[in-house]
Amino acid sequence: MRFMFVGDSMTIGRAGDHTWRYRMWQHLDATFGGPFEIVGPRTGLYDGTAGAAAGEAYADPGFPPAARRHLAGWGEGWQHMAPLIGPAAGAARADVLLVSLGLIDLGFYTRADQTAANVRRFVAGARAARPGVRMVLLPVIPNVRARTDAPFAAEVARFNDLLAKAVADLTTDASPLLLAARPQAYEIDHDTYDGTHPNASGEHRLAGEFAAVLHQAWGIGGPYRVDRAAP
């Protein structure tokens, strides 16, 4: 089974991070019970000095290069990934997409309705390349901006409602979509390092939510355990 991580800055991570992708790889390695691959066209972290995804300085240098693969980008959202997902999923023969997108769209690029339209473009593109692909989509987790910017907070809430509707409308037996929940007890003051991007505890919470959905809905892997992963 081939898993592809798709996301924005919360997923690609910055130089020195473990990333929630790393936590998820460790979980699958411990619980999947069969062969699997992490797939995608990219491997790097965001390097702030270079201003690009040019780094490979993961917090754990033992993170295998093949498990670092992804389709994530700093500053990239649904509108950026919608045209990329078909070629990427097709080339990698992805079976399961684990997707965390939307915050950057709503913060800088598109309204909730436009972002939801890009979700539908993304799903169509993925299915055109991989008709039987499965997807788990994470709602947008409001960041620190939502505390003081009421219109932005309202757009986040509106988009999450539209995302739930898109998942309900688009899921099929051949290519099921699942909507994950906001990770339980996720708090921006505790689980991020800057009000947006996950720190170690946030990485575990994000990976744990994807792991729970995979296990409970599709019997993939097992319950997520923080003690399996590095600090």
Side-chain angles (χ1 to χ4, degrees), residues 3-12 20-21 39-42 46 53 70-146 149-183 186 196-198 206 209-210 213-214 217:
F3 298 87
M4 181 182 290
F5 302 109
V6 185
D8 52 27
S9 57
M10 293 175 65
T11 298
I12 189 174
W20 73 262
R21 298 181 284 108
V39 299
R42 306 173 183 175
Y46 181 75
H70 62 79
L71 178 61
W74 201 275
E76 295 184 60
W78 286 106
Q79 71 169 7
H80 304 89
M81 295 303 178
L84 299 181
I85 189 59
R93 295 182 294 154
D95 299 306
V96 180
L97 306 180
L98 304 178
V99 186
S100 174
L101 288 167
L103 185 64
I104 193 74
D105 303 80
L106 300 170
F108 296 96
Y109 303 128
T110 51
R111 299 186 309 268
D113 56 331
Q114 295 169 319
T115 308
N118 286 329
V119 173
R120 292 172 182 263
R121 288 177 56 219
F122 177 98
V123 172
R127 285 175 169 166
R130 298 286 289 168
V133 71
R134 308 187 212 182
M135 304 178 219
V136 181
L137 312 182
L138 188 72
V140 171
I141 300 172
N143 65 353
V144 68
R145 176 179 168 183
D149 186 337
F152 172 69
E155 282 295 281
V156 171
R158 188 162 76 100
F159 170 73
N160 283 338
D161 288 342
L162 293 171
L163 180 65
K165 184 177 188 308
V167 169
D169 289 347
L170 299 176
T171 192
T172 66
D173 290 341
S175 175
L177 275 61
L178 292 175
L179 182 68
R182 173 175 168 160
Y186 193 100
T196 297
H197 301 96
L206 291 173
E209 186 56 44
F210 280 106
V213 173
L214 290 175

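Numbers for residues simply follow the sequence, beginning at 1. The figures here come from the full heavy-atom set of this structure, side chains too, leaving out hydrogens, waters and symmetry mates.
For the residue pair Val140 and Pro142, the shortest heavy atom distance occurs at O-CD, 3.5 Å. In this structure, Val133 and Met135 approach most closely via the heavy-atom pair CG1-CE, 3.6 Å. Between Pro139 and Ala180 the shortest heavy-atom distance is CD-O, 3.1 Å.
For residues 170-179, there are no salt bridge (Lys or Arg N to Asp or Glu O under 4.0 Å) pairs, not counting sequence neighbours.
Asn143 pairs by the side chain to side chain donor-acceptor pair (under 3.5 Å) definition with Thr196, not counting sequence neighbours. Take Tyr46 and apply the ring pair (Phe, Tyr, Trp, His ring centres under 6.0 Å) test, not counting sequence neighbours, and it matches Trp74. Under the rule for a side chain to side chain donor-acceptor pair (under 3.5 Å), His80 has no partner lying at least two apart in sequence or in another chain.
In this structure, CG in Leu178 is found 6.5 Å from OG1 in Thr171, a value given to the nearest 0.5 Å. Of the inter-residue distances, the one linking Phe210 atom CZ with Arg21 atom CZ reads 12.5 Å to the nearest 0.5 angstrom. Taking CZ of Phe3 as the start and CZ of Arg134 as the end, the distance is 8.5 Å to the nearest 0.5 Å. One finds the CG atom of Asn160 at 11.0 Å from the CG atom of Leu137 (value rounded to the nearest 0.5 Å).
For Glu155 (side chain) and Ala112 (main-chain N/O), a donor-acceptor pair under 3.5 Å exists by modelled atom type. Remark: the backbone N or O of Ala181 is paired with a side-chain donor or acceptor of Glu209 at under 3.5 angstrom. A distance-only check finds no donor-acceptor pair linking the side chain of Arg145 to the backbone of Asp149 [under 3.5 Å]. Remark: side-chain polar atoms of Arg42 are paired, donor with acceptor, to backbone N or O of Ala72 under 3.5 angstrom.
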>> What verdict does the side-chain contact (heavy atoms from CB on, under 4.5 Å) test give for Leu206 and Tyr186, after you've listed the backbone C-alpha separation in whole Å, the side-chain angles of each residue and the deciding distance to 0.1 Å?
In response: CA-CA 9 Å; Leu206 291 173; Tyr186 193 100; 4.2 Å; yes
Please output the side-chain donor-acceptor pairs of residues 116-127 that fall under 3.5 Å, not counting sequence neighbours, one pair per line with the distance.
from, atom 1, to, atom 2, distance (Å)
Asn118, OD1, Arg121, NH1, 2.8
Asn118, ND2, Gln114, O, 3.4
Arg120, NH2, Asp169, OD2, 2.8
Arg127, NE, Ser175, OG, 2.8
Arg127, NH1, Leu170, O, 3.0
Arg127, NH2, Leu170, O, 2.7
Arg127, NH2, Ser175, O, 2.6

Using distance only, find each side-chain donor-acceptor pair of residues 86-107 under 3.5 Å and give its atom names and separation, not counting sequence neighbours.
from, atom 1, to, atom 2, distance (Å)
Asp95, OD1, Arg130, NH2, 3.0
Asp95, OD2, Arg2, N, 2.8
Asp105, OD1, Trp78, N, 3.1
Asp105, OD1, Gly102, N, 3.3
Asp105, OD2, Trp78, N, 2.8
Asp105, OD2, Gln79, N, 3.3

